[in-house]
2 protein chains.
Amino acid sequence: MPTPADDCARSVLDAVPLVMREIRAEMRSHRGLDLSVPQFRALAFLRRRPAASLSDLAAHIGTSLPSMSKLVNGLVGRGLVERDTSAADRRRLTLRLTREGTSLLQAARAETQTHLSRSLGRLSPEEQAVVTRALGILSSLFGQEGRT
Amino acid sequence: MPTPADDCARSVLDAVPLVMREIRAEMRSHRGLDLSVPQFRALAFLRRRPAASLSDLAAHIGTSLPSMSKLVNGLVGRGLVERDTSAADRRRLTLRLTREGTSLLQAARAETQTHLSRSLGRLSPEEQAVVTRALGILSSLFGQEGRT
DNA sequence: TATTGTTATACTCTATAACTATA
DNA sequence: TATAGTTATAGAGTATAACAATA
């Protein structure tokens, strides 16, 4: 007999990959903005935590240091992030959004959110409220930091 | 001013990547079972739709034919899927889970669901109900087929 | 010695374009 | 001509292991 938590797990397992695919396709589709989900999340984190180190970023995004090193490398290459060695501890990096990074993040977020909003607009207000609440719950449950 | 749909979109954008990461890490972590999320979803689809073609599979998973071709190739190589040309139309493939594929799918699902259940068990029954309902709503909204 | 980050290596996922085989 | 799949190519995300530089 499945417990309520089992049913819940099943619905998470069914729905999350579907929604993720939607988000990914949407983010990829904007010419010029064109960010992967991890890139988007990294930029969002750096906006919240200017001067974060690579380790901070990797920990909060939940990925390995080498992965994050490569990802950041790409963002630096695109001029979206500035990478300096910390004066206090020269092993550490100091990561910051550039002006371009900031504005691209904002534009990408607006586009993606607008698109998602349009889809979610097909739900009733009550359904929207349920979804908002549920995903807030999941964010606190699984999030190292929550708020993007 | 953000509308309720905007708030909803924001919460989706925040939470879904987090949960996805959890699911991915969990699925990858079982030695022997070791499936990626797309592999898992492909196996699940083939259990529901035996004798599906590659195009069916790609459409329902929501990916390109070449991607799915490679993915299936890997599954065939691991002995999880049987790939035959259809007698009726020899351009089409007939895909089926092997016995190993069926049992591995079941084991992987059980493991992942158990792990997720344990996490979700930290929520109140009311919160679990909200999450279950919300993700059902999102499945119907974004799903080509829903049920995994 | 321990910590921070990079490089090397190896997979998977993903897409587009070009191709083959069949209808 | 159109459809089903594969191959070629390329880029991103991911991880582990080995390394360099700094503390």
Any heavy-atom pair between the side chains of Leu43(B) and Thr102(B) that's under 4.5 Å?
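Answer no - side chains too far apart.
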
Do Pro38(A) and Thr63(A) have side chains that approach each other closer than 4.5 Å (heavy atoms only, starting at C-beta)?
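No. Closest side-chain heavy atoms not under 4.5 Å.
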
Just checking Ser55(A): base, sugar-phosphate only, or nothing, at a heavy-atom cut-off of under 4.0 Å?
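The answer is sugar-phosphate, as Ser55(A) gets under 4.0 Å only of primed atoms, P, OP1 or OP2.
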
What is the distance, to the nearest angstrom, from the [atom1] atom on [X] to the [atom2] atom on [N]?
X        : N       : atom1 : atom2 : result
Arg78(B) : dC11(C) : CZ    : P     : 13 Å
Gln39(B) : dT14(C) : CD    : P     : 10 Å
Arg28(A) : dT16(C) : CZ    : P     : 11 Å
Leu65(B) : dA21(C) : CG    : P     : 18 Å
Phe40(B) : dT12(C) : CZ    : C1'   : 17 Å
Asp56(A) : dT4(C)  : CG    : C1'   : 11 Å
Arg24(B) : dC13(C) : CZ    : P     : 11 Å

So, does Ser67(B) get its side chain near the phosphate of dC13(C), meaning an N or O under 4.0 Å from OP1 or OP2?
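Answer is no, no contact under 4.0 Å.
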
Kindly write out the residues that satisfy side-chain hydrogen bond (donor to acceptor under 3.5 Å, both in side chains) with Ser67(B), not counting sequence neighbours, or none if the list is empty.
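Partners of Ser67(B) under the side-chain hydrogen bond (donor to acceptor under 3.5 Å, both in side chains) test: Ser64(B).
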
Between [Y] and [X], does any NZ, NE, NH1 or NH2 come within less than 4.0 Å of an OD or OE carboxylate oxygen?
X        : Y         : answer
Glu82(A) : Arg99(A)  : no
Asp56(A) : Arg49(A)  : no
Glu26(A) : Arg118(A) : no

Indicate whether any N or O donor in one side chain lies under 3.5 Å from an N or O acceptor in the other, for Asp14(B) and Ser139(A).
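Side chains of Asp14(B) and Ser139(A): no pair found under 3.5 Å.
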
Between Ser86(B) and Asp89(B), is a side-chain hydrogen bond (donor to acceptor under 3.5 Å, both in side chains) present by the stated rule, with each step listed?
CA-CA 5 Å; Ser86(B) 158; Asp89(B) 180 344; over 6 Å; no

Taking five pairs at each end of the helix from dT1(C)-dA23(D) to dA23(C)-dT1(D), what angle separates the two helix axes (nearest 10°)?
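Computed angle between terminal axes is 20°.
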
Return whichever of Pro66(A) or Ala52(B) has its heavy-atom-nearest nucleotide of DNA chain D closer to the 5' end.
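Result: Ala52(B).
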
Name the residue closer to the 5' end of DNA chain D, choosing between Val37(A) and Lys70(B) according to the nucleotide with the nearest heavy atom.
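Final value for this comparison: Lys70(B).
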
Strand-adjacent residues in residues 82-98 of chain A, judged by heavy atoms under 4.0 Å from DNA chain C
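Listed by number, they are Arg83(A), Arg91(A), Arg92(A), Leu93(A).
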
If you walk 5' to 3' along DNA chain D, what is the first nucleotide with an atom under 4.0 Å of a heavy atom in chain B, and what is the last?
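Footprint of chain B along DNA chain D, 5' to 3': dA2(D) to dT14(D).
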
Derivation and outcome, side-chain hydrogen bond (donor to acceptor under 3.5 Å, both in side chains), residues Asp7(B) and Thr132(A):
CA-CA 7 Å; Asp7(B) 290 336; Thr132(A) 302; over 6 Å; no

Asp84(A): which residues meet the salt bridge (charged side-chain N to carboxylate O under 4.0 Å, His left out) condition with it, sequence neighbours left out?
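Here no residue qualifies.
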
side-chain contact (heavy atoms from CB on, under 4.5 Å) against Thr85(B), all qualifying residues, sequence neighbours excluded
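For Thr85(B), the residues satisfying side-chain contact (heavy atoms from CB on, under 4.5 Å) (neighbours in sequence not counted) are Leu93(B).
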
